[in-house]
Structures are given as structure tokens and as C-alpha cells.
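A quick write-up on the structure given underneath.
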Amino acid sequence: MNILAIETSCDETGLSIIKAEGDIENPQFEIVDEIVATQIETHREWGGVVPHLARREHDKNLPVLLGKLFDNLEDIQPDDIERLAVTVGPGLDPCLWSGINYTKKVHKSNFPDSELAGANHLEGHLYSFFLSNKKDSTFSVPYLDELFPAVQLVVSGGHTIIVLMKSLIDWEILGSTRDDAAGESFDKVARMLDLSYPGGPEIQKWAENGSPDSIDFPRPMIDSENYDFSFSGLKTAVLYYLKENVQKKSEEDLKFDMDDSKKSDVAASFQAAVVDTLASKTIKAAKKYGAKSIMLSGGVAANKLLRETLKLRSQSLGVKFLTPPIKYNTDNGSIIAIASYINCLSDKSYDLESQPNLGL
Ligand code: KG4
Ligand code: ZN
């Protein structure tokens, strides 16, 4: 089945065409063509994503990217698209509408015979582990039945969730954040350190020259009985540390002035606290539920220390560890196309309207 997917839930405009085949026991995916336009530069000067600017960029990008996507294709023409998928949530309402309205429009004009389908952004991340295993030109996991039960940490700018996957299509949320998402806390702490948006990659870069043990930041809820997180308290601990130990740079914006070595130490110690908390809870869930694999997805999964820590701890536990290459952890159309194929195999559908708070 040829699927074209469109993703506009936040600040990346992502389009992808995949060929999907196989049944729910062993789906296989070939990425025919994909394209992502990031809006990071647009939002950087505001220190975060501005929804109406993001919508404007999506509106502008979509027709250009769709043209480019088909430009170099010989094998597949618009008539060959059998399923047209678009993210309907969760995400920023104006951005979701941009993608949905555009998809409805091109469905009529360019792909009238395709089946129009809404897709869940979080399922995109959840199924992104398929992209961790490529053979020839196809992504698949031939040992799929050996992965479940799996415990997956979905960790992004908007979500921090631990999911118990009993099978590919049957899962349960074990815990999630009670306040800030992990990515959000990276972004907020980066702002205090006067680093640019998005904060995650900046903190990672500065942390490379710092000592993770130099400041003893808390690991909130690490010993609690449940699988929930609270990253707002950690952010506040960093704020108090900075207030007590360094000069404020600007009063109203809570930015602090410090030398490079102090900045590196704060970044490294903060990153260590987040990673330790995320990894410990994930491993605890894997032990409790006898997981055969641990999976990691979402924008924060691009973090090197988090990837390495979870990989090592999975190995010590004797379970498989799966995470896609970094480019498929950040938002893109290919993960949405994969989720839509699995929806098709399992007869699951979503209404074609913006659902900003859609869950898993
Ligand atoms: O999944 P994503 O692209 O968008 C959402 O759906 O939210 O995630 C974006 C988040 C941002 O908060 C960003 O700071 C964080 O992922 N991020 C990172 C890294 N790269 C991106 N956080 C920590 N370390 C990184 N290397
Ligand atoms: Zn995402």
C-alpha cells in the first residue's frame, strides 16, 4: 500500500511517502521519499514555538514540499497513493488545522481515489521503533513477537509517558508527567542559562564540558511507587541554585550570567538528573512487567546520554533496546505514515478534526 502522510502538529512540516506491506504480525515499510522543513529559526527569537507563526509557516511550506516530494519520483505518481494520512492530534490547534485543511484540499484535487485518514502523533512516536531496523531498503522487525511485552518511554517537548505495550496494538499507560514534560524542562532550563531554543540540543552541547556530579540536583519522584514524573520541581531546583550562586542577567526574564565552566556544570548536572530519573523509572517498569524489550522515542530521545544510559541498562537487564535513528525521533512524516498503516491493519480510525489533547 502506498501511503502519503502529512505532519504539522508542532514546528516541523513533515511529508513522507512509504510503501507498506505485510500483516500485523510482520509489517514492512519502505520509505520512498520524505521531506521535513523545520521552523526552528522562525521561533528561536521568541524562545519557543509561537502557534500562529507556526501555522503561517506550515501553510506556506505545505504546497512547496508536496511539489518537491513528487518532483524526483518515477515509480510513484499521485494516482498511486492509496492512503492519505494527516496528524489530527495531539499538538497545537492552529498547526493541526493547517495540516488537516490542506490534506482535505489536496485529497479532492490530487488524490481523489485515496482513503483519507486521521493519525495520532503519539502513535507515530510509539511505532517509530520500526525505523531502528533496516535491511536492504526495507524497515521491519522480523522478531516482532519477541519484543512484547515491551516498555516504551515516549519523551518529547509535550509528553513524558511510560507505556506498557502488550502487543503492537494493545497497550496501557503506566505513568506520565504530572507537570512539565522532560523536553519542556530542557527548554526552560536552557532559557535560564541564556541558551537558544530548542534547549535540549544546547544543554547537551554545554554538558559535554561540564561535570555531571558537580551539583546535586534532585531526582523528583525517583523512588515513588508509581511511574509518574515531575520535572517542574527539578526546574525550580535549578532556578534556586542559580539565584543563590550566580548573578541575574535580566530581572524579568530570569536569565543568569555565569562563566562558561559554571554553565557547563549546571547543564551537565541537570541533564544527568533528567536522564537518571527517566532511565530509572523505565527500567523499574521493565523489571516489574517482565519486559522483553525497552523502546525509546520522541524528541528528547535524541539525547546522547539518555540513549546510551538506557541502552546500557537494558543490556544489563538482558532485554533488547530499540530506538530509531535521531532524525526519526524528531517530528517527521514517515512515523505518521507507519502509524497510519498499522491503524489500517487494525481498523482503527480518527476523526478528521483537530484534537489538540488527543492521548495514546
Ligand atoms: O518530539 P519533538 O520533536 O516535538 C514534540 O512533539 O514535542 O520534541 C521536541 C523536544 C524539545 O523540547 C527539545 O528541546 C527536545 O525535544 N530535544 C532534546 C534533544 N533534542 C531535542 N532534549 C534533550 N537532548 C537533545 N539532544
Ligand atoms: Zn513529537
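Note that ligands are numbered from 1 as they come in the structure, with each ligand's atoms numbered from 1 the same way.
Residue contacts with ligand 1 for Asp187 involve side-chain atoms from C-beta outward but no N, CA, C or O (heavy atoms, distance under 4.0 Å). When non-hydrogen atoms are compared, ligand 1 lies under 4.0 Å from the side chain of His121 (C-beta onward) but not from its backbone. For His159, no heavy-atom contact with ligand 1 is shorter than 4.0 Å.
Taking the six-membered ring where the residue is Trp, Tyr127 and Phe129 present tilted rings, their angle falling between 30° and 60°.
Atoms of ligand 1 lying under 4.0 Å from any heavy atom of His125, numbered from 1 in the order shown and given with element: 1 (O). For ligand 1 and Gly183, the ligand atoms under 4.0 Å from any heavy atom of the residue are 12 (O). Per-residue contacts place Gly158 under 4.0 angstrom from the following atoms of ligand 1 (heavy atoms of the residue considered): 7 (O). Using a 4.0 Å cut-off to heavy atoms of Ala302, the atoms of ligand 1 that qualify are 20 (N), 26 (N). When each atom of ligand 1 is checked for a heavy atom of Gly157 under 4.0 Å away, the hits are 5 (C), 7 (O), 8 (O), 9 (C), 10 (C), 12 (O).
Scanning all heavy atoms of the two residues, the minimum distance from Asn329 to Ser297 falls at OD1-CA, 3.5 Å.
Between Lys134 and Glu30 there is no salt bridge, since no side-chain nitrogen of the basic residue lies less than 4.0 Å from a carboxylate oxygen of the acidic one. Using a 4.0 Å cut-off between charged side-chain N and carboxylate O, Lys188 and Asp180 make a salt bridge.
Within the sub-2.8 Å shell of the Zn ion (ligand 2), the protein contributes these N/O/S atoms: His121 NE2, His125 NE2, Asp331 OD1.
Counting only heavy atoms of the protein, atom 24 (N) of ligand 1 lies nearest to Asn303 ND2, 3.0 Å. Given atom 25 (C) of ligand 1, the protein heavy atom at minimum distance is Gly200 C, 3.6 Å. Nearest protein heavy-atom neighbour of atom 16 (O) of ligand 1: Gly299 C, 3.4 Å.
An N or O contact shorter than 3.5 Å links Gln204 to ligand 1 by distance. Residue contacts with ligand 1: Glu12 is placed with no nitrogen or oxygen under 3.5 Å of a nitrogen or oxygen of the ligand (distance criterion only).
In the candidate list Val155, Val275, Thr38, Val300, Val300 is nearest to atom 15 (C) of ligand 1, counting heavy atoms.
When each of Thr160, Val151, Ile162 is paired with Lys281, the side chain to side chain contact (heavy atoms under 4.5 Å, CB included) condition holds for Ile162 and for no other.
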